[in-house]
2 protein chains.
Amino acid sequence: MRILVCRCSIGYAGRLTTRLASGDRVLLFKDDGAVCIHARAGAKPINYMPGPTVVREEDGVIRVTRPSSGESLTILVEAVYDDRSMELEDEARLEREGRELQLHERLVRQPDVIELGLVVVERERRTDVGPVDLWCRDADGCLVLVEVKRIQAVAAAVEQVERYREQALRDPSCDTVRAIVAAPDFAPQARALAEARGVELVRIDVQALFELADAELTLFS
Amino acid sequence: MRILVCRCSIGYAGRLTTRLASGDRVLLFKDDGAVCIHARAGAKPINYMPGPTVVREEDGVIRVTRPSSGESLTILVEAVYDDRSMELEDEARLEREGRELQLHERLVRQPDVIELGLVVVERERRTDVGPVDLWCRDADGCLVLVEVKRIQAVAAAVEQVERYREQALRDPSCDTVRAIVAAPDFAPQARALAEARGVELVRIDVQALFELADAELTLFS
DNA sequence: ATATACATGTCGAGG
DNA sequence: CCTCGACGTGTATAT
């Protein structure tokens, strides 16, 4: 990785056009061709380019191009404060706990938090309008489609599960199909739409669900 | 800004929990309290924390906390390769040009690229279920709702415009409402859903649209 | 390679 | 403050 600290001005041309006047920044040229330009403040880079890229430098002008998309970044270097390249060794992968997929797994183990007697038949069941998070049967044997959201569910989630239900209803063997959105919270428009469409909203306590599952793991280990 | 290049392992606890095993990384501690940790590859930081934060360091352990949200980042520094703080001066602001809004403007000027005889009555017309990109009338005077996508349209875009249509149909003065998604490309699921819902898909050549408008500008200037 | 959905998404506009 | 949709979204995963 090359770390270049310099005064520069930057132009980007691609999905849109941006222009950044002269200022001091930190430029990271990464091993996979990614380029990341950080200003003195802000969590996000002010300009960037994902790898792979072609980087050419001549007379204080660095030109980064991405052949796959035709995007380009042009950096006019006006003063170099520091310029160093270092070999960074890193085999680690970021491990995440609490993603939506893990939430699915917990719900498969604890379907009762959605509804008593619910049984998850299949997870991520594919349809041609998208995958159904949890394909279930309720206590009466009725088909239940559950859309799971890790964070607050918005109207789109209600539409999504309604789309799956419509698809399922095309199958003549399905006469009644219930649709549920399971989330820790619901936006007002989601509530309104759910009401209009007959989609059920089930609040789940994600925190408790994870703690519950953890406790169970502890018990069995 | 402090630039710390080191071998470290990192833990994040907040909206979820992450764990990153030992490896070499570049850590940026910015003037506004933001912290940005970059691995050797990838356009995005592998860990981060937006400012303002509280940073405490003791015995090779850096603890970053965000009082407003209770999130925390714990960095165990195992070997320091470089550690420097620099004053960066930067008054510049990023200037952007060419967002979806501009595409809307072009379409308002050239509605024929969507459909011959189409007239845009209103742009970004607000409804209870969200803003309609282009509120139009076709050659027969029929109401037409157009959702514009700068890039490939996915199923959600079809649902979006369908939602607007349903809302419009509540008005008894609207007996027929057409719904169009205008985009340079369409995902297969978008096509499937559009077919099922009777939403029309219109491919627009964004490149040509901009060139056309530019040529017109040139003529009139 | 393409298609799809997640994300500590982040960000900004409008009510 | 909340809600919503765009984003130069980037990134991983499954087909």
Side-chain angles (χ1 to χ4, degrees), chain A residues 10-18 32 34-37 42-51 66 68-73 93-94 96-104 124 126-133 147-157 160 185-192, chain B residues 10-18 20 34-35 37 41-50 66 69-73 94 96-101 103-104 124 126-133 147-152 154-157 159-160 163-164 185-192:
Chain A
I10 301 169
Y12 162 79
R15 285 173 268 196
L16 54 62
T17 305
T18 74
D32 63 345
V35 178
C36 217
I37 299 162
K44 289 178 68 177
I46 195 155
N47 274 124
Y48 62 91
M49 188 91 86
R66 199 150 80 116
S68 60
S69 62
E71 294 163 284
S72 72
L73 207 50
R93 299 263 295 190
L94 187 68
R96 301 174 181 84
E97 177 78 18
R99 296 179 320 187
E100 187 167 296
L101 184 62
Q102 265 126 359
L103 180 55
H104 292 187
E124 296 289 322
R126 298 268 168 202
T127 73
D128 52 359
V129 292
V132 179
D133 285 345
E147 175 66 24
V148 180
K149 288 296 162 192
R150 199 174 65 80
I151 54 174
Q152 182 189 69
V154 296
Q160 209 176 330
D185 187 24
F186 301 92
Q189 286 190 11
R191 290 186 189 279
Chain B
I10 301 169
Y12 162 78
R15 285 171 272 190
L16 53 56
T17 305
T18 75
L20 184 63
V35 177
I37 299 161
K44 289 175 71 177
I46 194 156
N47 273 125
Y48 62 92
M49 188 91 84
R66 201 150 80 114
S69 63
E71 294 164 285
S72 72
L73 206 51
L94 188 69
R96 299 163 189 262
E97 194 179 335
R99 303 178 291 190
E100 183 168 287
L101 184 62
L103 177 56
H104 290 190
E124 294 290 323
R126 306 208 80 88
T127 73
D128 292 351
V129 292
V132 179
D133 284 346
E147 175 66 26
V148 179
K149 290 295 165 193
R150 215 169 54 74
I151 54 175
Q152 183 188 70
V154 297
E159 282 171 335
Q160 209 177 328
R163 176 149 51 109
Y164 302 151
D185 188 23
F186 301 93
Q189 286 187 9
R191 290 186 190 281

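Note that the structure is predicted; figures quoted are calculated from it, not measured. Below, chain A is the first sequence line, B the second, and so on; all start at residue 1.
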For B:Pro50, does its backbone N or O pair with a side-chain atom of B:Glu71 as donor and acceptor, under 3.5 Å?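 Pair absent, no side-chain N/O of B:Glu71 close to backbone of B:Pro50.
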Can you tell which of C:dT8, D:dG5, D:dG8 lies closest to the side chain of A:Leu73?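 That would be D:dG8.
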Nucleotide nearest B:Glu71 (side chain, heavy atoms from C-beta), chosen from C:dA3, C:dT8, D:dC4: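 Nearest listed nucleotide: C:dT8.
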Separation of [X] atom [atom1] from [N] atom [atom2], in whole Å?
| X | N | atom1 | atom2 | value |
| --- | --- | --- | --- | --- |
| A:Leu94 | D:dT13 | CG | C1' | 16 Å |
| A:His104 | C:dA5 | NE2 | C1' | 10 Å |
| A:Ile151 | C:dC6 | CD1 | C1' | 10 Å |
| B:Asp133 | D:dC7 | CG | P | 10 Å |
| B:Leu103 | D:dG8 | CG | P | 14 Å |
| A:Glu100 | D:dA14 | CD | P | 14 Å |
| B:Glu159 | C:dT4 | CD | C1' | 14 Å |

Assuming nearest nucleotide by heavy-atom distance, tell me which of B:Arg96 and A:Ala156 is located more 5' along DNA chain D.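 Its nucleotide being nearer the 5' end, the pick is A:Ala156.
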Any side-chain N or O of B:Gln152 less than 4.0 Å from the OP1 or OP2 oxygen of C:dT4?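 Checking B:Gln152 against C:dT4: no side-chain N or O falls below 4.0 Å of OP1 or OP2.
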Is A:Gln189 close enough to D:dC4 that one of its side-chain N or O atoms is under 4.0 Å from OP1 or OP2 there?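 Answer yes for this pair, as a side-chain N or O of A:Gln189 is under 4.0 Å from OP1 or OP2.
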Base, sugar-phosphate or nothing for [X]? Non-hydrogen atoms, less than 4.0 Å.
| X | result |
| --- | --- |
| A:Gly130 | sugar-phosphate |
| A:Gln102 | nothing |
| B:Arg191 | nothing |
| B:Met49 | nothing |

Please measure how far the C1' atom in C:dA7 lies from the corresponding atom in D:dG5, and state the result in whole Å.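 About 16 Å, rounded to a whole number of Å.
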With C1' as the reference atom in both, quote the distance from D:dC7 to C:dA5 in angstrom, rounded to an integer.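 Going atom to atom, C1' in each nucleotide, I get 16 Å.
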How does each nucleotide of nucleotides 10-15 of chain C score, in 5' to 3' order, for protein heavy atoms under 4.0 Å: base (B), sugar-phosphate only (S), or none (-)? SS--SS
Atom of A:Arg191, atom of A:Phe186 and distance for their closest heavy-atom approach: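 So the two residues come closest at NE-O, 3.7 Å.
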Could you report the tightest heavy-atom contact between B:Ala34 and A:Gly42, atom names first, then the distance?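 Of all heavy-atom pairs spanning B:Ala34 and A:Gly42, the closest is CB-C, 4.0 Å.
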Go through B:Glu124 and B:Asp133 one step at a time and tell me if the side-chain contact (heavy atoms from CB on, under 4.5 Å) criterion holds. CA-CA 5 Å; B:Glu124 294 290 323; B:Asp133 284 346; 3.4 Å; yes
Looking at side-chain heavy atoms only, is the closest gap between [X] and [Y] below 4.5 Å?
| X | Y | result |
| --- | --- | --- |
| B:Val154 | B:Gln189 | no |
| A:Thr18 | A:Ile46 | no |
| B:Leu20 | B:Ile37 | no |

More 5' along DNA chain C: B:Asp185 or A:Lys149, using each one's nearest nucleotide?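 Here B:Asp185 is the residue nearer the 5' end.
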Are more than 12 heavy atoms from other residues, nucleotides or ligands located less than 6.0 Å from atom CZ of A:Arg93?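 No, because the 6.0 Å sphere around CZ of A:Arg93 holds 12 heavy atoms or fewer from other groups.
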